[in-house]
Amino acid sequence: MSEAAPVVVEVGLGERAYDILIGPGLLARAGAEIGQRLPGRRAAVVTDDNVAAAHLATLRAGLEKGGVNPAVITLPAGEKTKSFAHLEEVVDGVLAAKLERGDVVIALGGGVIGDLTGFAAGIVRRGMNFVQIPTSLLAQVDSSVGGKTGINSPRGKNLVGVFHQPKLVLADTGVLDTLPIREFRAGYAELAKYGLIDRPAFFAWLEANWKEVFAGGPARVALDQFSR
């Protein structure tokens, strides 16, 4: 049985507008979805060791099915990766793959990888196409959207970066099944905080539907959609 069509949320930014696709099975369809919007582009995938072990093979197969044979840049997992040293590593990897400005840099990971990769895409060759494939709950509903990218400095967190909007966000809800429960709970708690600050209807939804969200299935798609 084929996967149901994903939910599509349009981010209206004029010439910089892009789609957020939400649903299961999107890693396997990544090549088709990217090819539809950026036909004929070559790609580099930036990920970390943990995410690569769980999801890189599925994404690579999905890209290759769509005619994209990506270069892969794998970094250590963790907040320390948002550094000048690893930014240089990503930029050098993209250049070594001989990608041009019209090609695409894909972030496969949580907020750290998304922030770092987006920053690299924003500065290498004076700006390249960028696709977010977030793999944590918080990245899917927050950091993958809005174009905020950057790295940490010894003087503080997220002090160096640019605003660089993605061309596409693929929020594959199926990948959340591999998250440690502690990390899933932490992401959900952060969402509850957002609701408490100024979105009471969202908080009420989170309180009423948390069991279904944790169990997976359609409630996770609804969460991603409702959080926009």
Side-chain angles (χ1 to χ4, degrees), residues 11 13 15-21 26-27 29-49 51-52 55-77 81-136 139-140 143-152 158 160-172 175:
V11 179
L13 293 173
E15 293 182 353
R16 297 177 298 153
Y18 58 93
D19 291 336
I20 305 167
L21 274 56
L26 286 172
L27 262 64
R29 294 174 48 180
E33 298 295 350
I34 293 171
Q36 178 181 331
R37 295 161 177 83
L38 299 165
R41 271 39 172 216
R42 294 182 301 145
V45 173
V46 182
T47 188
D48 69 39
D49 294 321
V51 174
H55 302 300
L56 180 59
T58 303
L59 176 61
R60 188 195 290 272
L63 290 171
E64 291 177 348
K65 187 176 181 180
V68 179
N69 184 18
V72 176
I73 302 163
T74 305
L75 304 175
T81 297
K82 285 177 62 171
S83 66
F84 283 101
H86 290 297
L87 174 66
E88 182 179 7
E89 185 176 349
V90 173
V91 169
D92 186 65
V94 170
L95 294 174
K98 298 182 179 180
L99 299 185
E100 298 296 335
R101 187 176 184 186
D103 292 324
V104 60
V105 182
I106 301 169
L108 174 69
V112 168
I113 289 297
D115 285 359
L116 172 65
T117 304
F119 186 22
I123 61 175
V124 69
R125 297 198 183 279
R126 297 186 175 90
M128 294 181 63
N129 297 313
F130 170 44
V131 171
Q132 283 268 26
I133 306 182
T135 59
S136 71
Q140 287 196 358
S143 63
S144 64
V145 180
K148 291 185 295 183
T149 74
I151 60 172
N152 303 329
N158 295 326
V160 183
V162 297
F163 282 94
H164 187 56
Q165 298 289 349
K167 294 293 186 181
L168 175 68
V169 178
L170 299 177
D172 188 332
V175 305

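When a residue number appears, it is its place in the shown sequence, counting from 1.
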Is the shortest heavy-atom distance from the side chain of [X] to the side chain of [Y] under 4.5 Å?
X	Y	result
L168	D19	yes
V175	Q140	yes
L27	I133	yes
N129	R41	yes
Y18	V11	yes
V160	N152	no
F119	V162	yes
L63	N69	no

Determine, step by step, whether L75 and T47 satisfy the side chain to side chain contact (heavy atoms under 4.5 Å, CB included) criterion, reporting the C-alpha distance in whole Å, the side-chain angles of both residues, the deciding distance to 0.1 Å, and the verdict. CA-CA 6 Å; L75 304 175; T47 188; over 6 Å; no
Could you please spell out the steps behind the side chain to side chain donor-acceptor pair (under 3.5 Å) verdict for N158 and K148? CA-CA 10 Å; N158 295 326; K148 291 185 295 183; over 6 Å; no
Nearest 0.5 Å, please: how far is [atom2] in [Y] from [atom1] in [X]?
X	Y	atom1	atom2	result
M128	E100	CE	CD	8.0 Å
T135	L170	OG1	CG	12.5 Å
L38	E33	CG	CD	11.5 Å
S144	I20	OG	CD1	6.5 Å
L56	T74	CG	OG1	6.0 Å
L87	K82	CG	NZ	11.5 Å

Considering non-hydrogen atoms only, spot the tightest contact between [X] and [Y] and give its length.
X	Y	result
I73	V90	CD1-O, 3.8 Å
G118	F130	CA-CZ, 3.4 Å
A97	A71	CB-CB, 3.8 Å
G114	A107	CA-CB, 4.0 Å

Crowded around E64 CD? As in, over 12 foreign heavy atoms under 6.0 Å? yes
V45: which of I113, L59, V105 passes side-chain contact (heavy atoms from CB on, under 4.5 Å):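 Running side-chain contact (heavy atoms from CB on, under 4.5 Å) over I113, L59, V105 with V45 returns exactly one hit, L59.
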With I106, the side-chain contact (heavy atoms from CB on, under 4.5 Å) member among T117, I34, V46: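 For I106, the side-chain contact (heavy atoms from CB on, under 4.5 Å) test succeeds with only one of T117, I34, V46, which is I34.
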Regarding R125 and D103, does a basic nitrogen lie under 4.0 Å from an acidic carboxylate oxygen?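 Salt bridge: no.
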Donor-acceptor pair, side chain of Q165 and main chain of G146, under 3.5 angstrom: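 Present.
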Taking it one step at a time, do T81 and L116 satisfy side chain to side chain contact (heavy atoms under 4.5 Å, CB included)? CA-CA 8 Å; T81 297; L116 172 65; 3.9 Å; yes
Would you please test K167 and V104 for side chain to side chain contact (heavy atoms under 4.5 Å, CB included) and show each step? CA-CA 9 Å; K167 294 293 186 181; V104 60; over 6 Å; no
